[in-house]
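See below for the structure under consideration.
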Amino acid sequence: MKPTDQNPPEPRNFFQDVHEVARLIPRGRVSTYGAIAHYLGARHGARTVGYAMMAAHTADQFVPAHRVVNRLGHLTGRLHYATPFAMQEALEAEGIRVEEDRVVDFAKLFWDPSTELA
DNA sequence: CAACTGACCGACG
DNA sequence: ACGTCGGCCAGTT
């Protein structure tokens, strides 16, 4: 085997995995950075998940990044959209109520991959 | 090429 | 109860 050719079996980056999980979030439900990180085995990787969401626009396929909020149900990523309200509007279009940049009934709408995909 | 930065979260004092 | 710090990854300057 040549040292230059044979590379890691799965060049699948962490970002790639995050995007894939994000696409699994059902319409009308929301998940969190920490939950996704934990599901992928990166307990301290919540931050990285956030970075992955920011890089979501570079992904090949559409990533419903608006369904990912922080652990408080707060729309932390709203400032990264075309307009500061684009994220909220996208959520409301799915039947999710948002007040004060916060998901209403977040606890009920919370979709945890570790639980749902178990 | 090396350093900086950026959608977070939990632990500790 | 509040402020601070460490841990994680990849793209850009």
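Treat the numbers as computed from the prediction; the structure is a model and nothing was measured. Per chain, numbering begins at 1; letters A, B, ... match sequence-line order. What's counted below: heavy atoms across the whole structure, side chains too, no hydrogens, waters or symmetry copies.
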Whole angstrom value for the distance that separates [atom2] of [N] from [atom1] of [X]:
X       : N      : atom1 : atom2 : result
A:Met54 : B:dC4  : CE    : C1'   : 12 Å
A:Asp17 : C:dA10 : CG    : P     : 10 Å
A:Leu79 : B:dC8  : CG    : C1'   : 15 Å
A:Arg47 : C:dC5  : CZ    : C1'   : 11 Å
A:His44 : B:dC8  : NE2   : C1'   : 12 Å
A:Phe15 : B:dC8  : CZ    : P     : 12 Å
A:Leu40 : B:dC8  : CG    : P     : 17 Å
A:Tyr33 : B:dG10 : OH    : P     : 14 Å

Report task. Name the closest nucleotide to the A:Tyr51 side chain, picking from C:dA10, B:dC8, B:dG6. Result -> B:dG6
Query raised in the report: For DNA chain C, whose closest nucleotide is more 5', that of A:Ala55 or that of A:Ala42?
Result: A:Ala42
Report task. First locate atom CD of A:Glu89, then atom CD of A:Glu94, and finally report the distance between them rounded to the nearest 0.5 Å. Result -> 13.0 Å
**Report entry** Point-to-point distance, once rounded to the nearest 0.5 Å, from CZ of A:Arg23 to CZ of A:Arg67
**Finding:** 12.0 Å
Query raised in the report: Is the shortest side-chain N to carboxylate O distance from A:Asp105 to A:Arg97 below 4.0 Å?
Result: no
Query raised in the report: Side chain of A:Thr48, base of C:dC8: donor and acceptor closer than 3.5 Å?
Result: yes
Report task. Mind checking A:Arg78 for me? I need base, sugar-phosphate or nothing, with any heavy atom below 4.0 Å counting as a touch. Result -> nothing
Query - Distance below 4.0 Å between A:Arg71 side-chain N/O and B:dG10 OP1 or OP2 - result: yes
Requested in this report: Would you indicate, yes or no, if B:dC8 has its OP1 or OP2 atom less than 4.0 angstrom from a side-chain nitrogen or oxygen of A:Asn70?
Outcome: no
Report summary line: Between A:Leu109 and A:Val104, the two heavy atoms sitting closest are CD1-O, 3.6 Å
